[in-house]
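The sequence lines fix the lettering, A, B, ..., with proteins before strands; numbering per chain opens at 1.
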Amino acid sequence: MEQSFYDQVFELVRLIPKGRVSSYGAIARSLGAGGSARMVGYAMSNAGLAHPKVPAHRVVNSSGLLTGRFHFSDPNDMERLLAEEGVRVKNDKVVDFKKLMWDPLQEL
DNA sequence: GGATTGACGTGTC
DNA sequence: AGACACGCCAATC
């Protein structure tokens, strides 16, 4: 079975190290999707239904804003999980996002 | 199979 | 600096 774009996104998101965050666009580019950043977020909708839990809370938009927190079981979970991993969230934004930005193309 | 959608990104006003 | 608009691209209806 050919894995859909979603599956590729799931795997890549799962590779995000703890205490680190990534952006939809970066993930999309890592998959060679380029401008399909929206698909990444779209895939995340299934992330909650994915078998192994996908750390979707580590994925934010290019601004480091927790855009998808409302899609979680509980919106507070997202920033809470991030805080647990050492990621400071201020006003729904990841602090020092640029420093915590984990780009597979760069890190790998 | 065309139309709609969507957890984005970048540019412009 | 904040708000608005358009573009991308794949999955779903």
Can you tell me how far [atom2] of [N] sits from [atom1] of [X], to the nearest Å?
X: A:K93; N: C:dA1; atom1: NZ; atom2: C1'; value: 12 Å
X: A:L65; N: B:dG9; atom1: CG; atom2: C1'; value: 13 Å
X: A:D77; N: B:dA7; atom1: CG; atom2: C1'; value: 15 Å
X: A:D92; N: B:dA7; atom1: CG; atom2: P; value: 16 Å

Review point. Within the structure shown, what part of the strands sits under 4.0 Å from A:A28 by heavy-atom distance: base, sugar-phosphate, or nothing?
Key: nothing
Check your understanding: Using a cut-off of 4.0 Å on non-hydrogen atoms, how would the nucleic acid contact of A:S62 be classed: base, sugar-phosphate, or nothing?
Key -> sugar-phosphate
Check your understanding: Has the side chain of A:S4 got a donor or acceptor atom that lies under 3.5 Å from a matching backbone atom of A:D7?
Key -> no
Point to revise | Residue pair A:D92 / A:L65: nearest heavy atoms and the distance that separates them | key: O-CD1, 3.2 Å
**Study point:** Base-contact (B) and sugar-phosphate-only (S) positions in nucleotides 6-13 of chain C, heavy-atom cut-off under 4.0 Å, - elsewhere
**Key:** -BBBBS--
Review point. Do A:L81 and A:V94 share a hydrophobic cluster, counting only Ile, Leu, Val, Met, Phe, Trp and Tyr and linking them when any side-chain heavy atoms are less than 4.5 Å apart?
Key: no
**Study point:** Check against side-chain hydrogen bond (donor to acceptor under 3.5 Å, both in side chains), A:H57 and A:E79
**Key:** CA-CA 7 Å; A:H57 59 271; A:E79 55 183 278; over 6 Å; no
Check your understanding: With a 4.0 Å cut-off, would you call A:R58 and A:E85 a salt bridge?
Key -> yes
